[in-house]
Amino acid sequence: MQKNELHRGRLIDHIGLAVEDFPACRRFYGAVFGALNIPIGGSSEDDLWVDELFISSLDSAAVQGRPTGRHHLAFQAASRAMVDEFYSAGMANGGSDNGPPGERAYHPGYYAAFLIDPAGNNIEAVYHGEANRSAASVTITF
């Protein structure tokens with residue numbers, strides 16, 4: 001029997017985005033996740049997934065031909081430099097500016113950048129400043 005292993009956070013099991021221009025979104029997300037040093041978990045002609053995020057074309061059997069609404073997703077960055085790289089990579093690969101890299105007033109040390117992805121979603125990379133994690137992720141084995 002094949003053993004599978006997933007790494008998950010505490011709140012979200014998964015998020016699915018159904019997009020009209022999947023090739024444009026594949027380029028955008030490949031670039032921004034590369035900048036954040038987050039590997040693409042898998043992909044097919046109609047879908048790709050990264051940790052808890054699944055992005056699908058309207059042709060994918062999983063989404064029944066309907067695009068999702070507009071969402072705000074914030075991805076964790078390990079440094080301010082990664083936030084800057086996320087912004088540059090996204091802008092160079094079909095994203096549009098929705099707030100350049102900089103400190104935000106949410107809490108001291110909150111450094112973020114915002115992009116609109118090719119499907120119209122507000123995508124953020126955030127670095128919360130120096131912090132210690134209790135664990136990198138929760139491991140689920142089945």
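What you see below is based on every heavy atom in this structure, not just the backbone, and it leaves out hydrogens, waters and symmetry mates. Remember, predicted model here, so these are calculated numbers, not experimental data.
- Taking hydrophobic clusters as Ile, Leu, Val, Met, Phe, Trp and Tyr residues chained together by side-chain heavy-atom distances below 4.5 Å, I55 shares a cluster with L73.
- Using a 4.5 Å heavy-atom threshold, the side chains of V126 and Y110 count as touching.
- Here the closest non-hydrogen pair linking R27 and N93 is O-CB, 4.0 Å.
- Heavy-atom minimum distance, C25 versus P118: SG-CB, 4.0 Å.
- For the pair N121 and F28, the minimum side-chain heavy-atom distance is 4.5 Å or more.
- Checked by atom type and distance alone, the side chain of S60 never pairs as donor or acceptor with a backbone atom of D47 at under 3.5 Å.
- Using a 4.5 Å cut-off on side-chain heavy atoms (C-beta onward), L36 and M82 make contact.
- One hydrophobic cluster, built from ILVMFWY side chains closer than 4.5 Å, cannot hold both M91 and Y111; they sit in different ones.
- R104 has its side chain within reach of F114: a pair of non-hydrogen atoms, C-beta onward, lies under 4.5 Å apart.
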Just do the side-chain contact (heavy atoms from CB on, under 4.5 Å) check on F54 and L48 with the steps written out, would you? CA-CA 6 Å; F54 293 80; L48 69 88; over 6 Å; no
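- Between H107 and H128, the two ring planes are parallel [angle under 30°; tilted spans 30° to 60°].
- Within 6.0 Å of CG on N37 lie no more than 12 heavy atoms contributed by other residues, nucleotides or ligands.
- Contact annotation: the side chain of D117 approaches that of Y29 to within less than 4.5 Å [non-hydrogen atoms, C-beta and beyond].
- Side-chain contact between R70 and N122 is absent, with no heavy-atom pair separated by less than 4.5 Å.
- Contact record, V83 with A77: CG2-CB, 3.6 Å, taken as the closest heavy-atom pair.
- Put simply, CD on E85 and OG on S79 are 6.5 Å apart, with the number rounded to the nearest 0.5 Å.
- Side-chain contact between V19 and P67: absent, with no pair of heavy atoms (C-beta onward) separated by less than 4.5 Å.
- Here E20 pairs with nothing under the salt bridge (Lys or Arg N to Asp or Glu O under 4.0 Å) rule; sequence neighbours left out.
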Show your working on side-chain contact (heavy atoms from CB on, under 4.5 Å) between V50 and I38 and close with a plain yes or no. CA-CA 8 Å; V50 180; I38 298 171; 3.4 Å; yes
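- With hydrophobic clusters built from ILVMFWY side chains whose heavy atoms lie under 4.5 angstrom apart, I40 shares a cluster with F22.
- For E103, the CD atom is densely surrounded, since the number of other residues' heavy atoms within 6.0 Å is greater than 12.
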Please lay out, stage by stage, how D84 and Y127 fare under the test side-chain hydrogen bond (donor to acceptor under 3.5 Å, both in side chains). CA-CA 10 Å; D84 296 345; Y127 174 63; over 6 Å; no
Worked verdict on H14 versus L53 for side-chain contact (heavy atoms from CB on, under 4.5 Å): CA-CA 6 Å; H14 70 276; L53 177 63; over 6 Å; no
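- Put simply, the side chain of F33 reaches to within 4.5 Å of the side chain of F75, judged on heavy atoms.
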Could you go through the side-chain contact (heavy atoms from CB on, under 4.5 Å) check for Y87 and L115 one step at a time? CA-CA 7 Å; Y87 183 81; L115 295 166; 3.7 Å; yes
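- Taking CG of D46 as the start and CG of D59 as the end, the distance is 5.5 Å to the nearest 0.5 Å.
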